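Before any comments, here is the structure.
In this text the structure is predicted, and so the values were computed from the model without any measurement. As the structure lists them, so they are numbered: ligands from 1, and atoms in each ligand from 1.
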Amino acid sequence: MTETLTIQRPDDWHLHLRDGAMLAAVLPETARHFARAIIMPNLVPPVVTAAQAAAYRDRILAALPDGFGFAPLMTLYLTEETDPDDVAAAHASGLVHAVKLYPAGATTNSASGVANFDRVRGVLERMADIGLPLCVHGEVTTPDIDIFDRESVFIDRVLDPIRRATPGLRVVMEHITTSGAVDYARSGGADLAATITTHHLVINRNHILVGGIHPHYYCLPVAKRETHRQALVGAATSGDGCFFLGTDSAPHTDALKLSACGCAGCFTATNTLSILAEVFERENALPRLEGFTSRHGPGFYRLPVNTETVTLTRGEPVTYPGAIQTDDGPVSVFDPGFPLHWRVTG
Ligand code: DOR
Ligand code: ZN
């Protein structure tokens with residue numbers, strides 16, 4: 001059995017770092033293992049302009065403890081007022097690596113997102129021209145659609161029409177949760193990719209609801225039934241370059257999670273690599289872990305693969321803290337529900 005595994009240093013292609021005290025507490029959890037991350041712009045207020053993205057990047061770098069090498073890859077939050085010239089300039093300067101599409105009302109801080117997709121046509125066409133990826137939260141938000149169907153309906157009614165109307169638009173389907181999304185991502189050619197989270201490789205909807213309600217497993221898109229989780233594991237471990245890691249690690253204080261109306265999000269930054277190694281090992285796919293965490297993402301984003309490495313070592317189960325402490329209160333670390341034998345040792 002393999003006992004050590006050395007891979008190119010991973011990147012996280014979908015990460016929530018928040019701001020202020022939360023940023024200071026969660027940033028080291030990612031920077032410890034990851035070289036770069038695509039930083040989600042759903043702050044309050046959202047990161048809409050290049051100037052806001054530059055200021056947010058500066059706050060992230062200021063919060064980075066000495067000795068950590070970590071590069072935040074900034075995104076802009078797409079609104080119906082987004083200026084194509086501002087987006088193009090932010091991309092040309094090297095500041096912005098993607099634009100994030102939240103359908104209005106889909107998730108945390110998405111009220112400023114897009115309701116009328118015709119109103120962002122000009123931005124999307126400019127992005128297709130310059131090769132700037134669109135990161136898509138793929139869920140419809142109309143109340144008549146069952147929450148478990150929101151992703152598949154979005155692909156049919158929104159994503160596929162947008163892609164047909166905008167040839168050359170490069171799209172990342174984020175945090176996919178269904179076998180239909182796996183199939184769609186696979187069929188899309190070089191301009192389409194999909195990120196998969198750590199938690200969606202581990203939990204299905206029973207984890208949220210059976211034996212009591214488990215708020216720490218509630219995230220968006222909500223986990224689906226077991227057959228879909230298996231399809232995600234199959235995609236992640238397949239070696240197919242269109243699938244790569246985007247943890248969607250999304251910290252909320254326990255007070256906000258353990259509430260009558262709890263926030264969506266799983267905080268996985270701390271133990272993601274241990275969990276992924278366990279998942280890949282179970283599938284006899286450890287040789288393909290590096291592609292998923294470290295190679296496919298740079299390939300799609302047209303960035304170099306990191307030159308440094310990390311080494312994972314197999315041994316007695318590793319324990320992680322149940323929560324990290326922040327000045328806003330504790331944030332529980334995602335519990336995969338099984339022992340983790342792989343730890344990062346170098
Ligand atoms: O679970 C989630 N949490 N899904 C999202 O789309 C947003 C995220 C957050 O910002 O908390
Ligand atoms: Zn997210």
Counting only heavy atoms closer than 4.0 Å, does ligand 1 sit against the backbone of [X], its side chain, both, or neither?
X	answer
Asp248	side chain
Ala264	both
His14	neither
His252	side chain

Do any N/O/S atoms of [X] come under 2.8 Å of the Zn ion (ligand 2)?
X	answer
His137	no
His14	yes
Asp248	yes

If the cut-off is 4.0 Å to any non-hydrogen atom of [X], which atoms of ligand 1 fall inside it?
X	value
Cys219	1 (O)
Leu220	1 (O), 2 (C), 4 (N), 5 (C), 6 (O)
Ala250	3 (N), 8 (C), 9 (C), 11 (O)
His137	6 (O)

Task: atom 7 (C) of ligand 1: the protein heavy-atom neighbour that sits closest, reported with distance to 0.1 Å - done: Thr107 OG1, 3.2 Å

Task: Exceeds 12 heavy-atom contacts within 6.0 angstrom, atom CG of Asp327 - done: no

Open item on the list: How about CZ on Arg121, more than 12 heavy atoms from neighbouring residues, nucleotides or ligands closer than 6.0 Å, or not?
Closed with: yes

TODO: Flag the pair His175 / His14 as yes when their ring centroid distance falls below 6.0 Å, and as no otherwise.
DONE: yes

- [ ] Could you tell me whether the side chains of Asp248 and His16 share a donor-acceptor contact shorter than 3.5 Å?
- [x] yes

Task: His252 and Arg18 side chains, donor-acceptor separation under 3.5 Å - done: yes

When you measure from the centre of the six-membered ring of [Y], is the NZ or CZ of [X] closer than 6.0 Å and no more than 45° off the axis?
X	Y	value
Arg282	Phe338	yes
Arg32	Phe68	no
Arg170	Phe300	yes

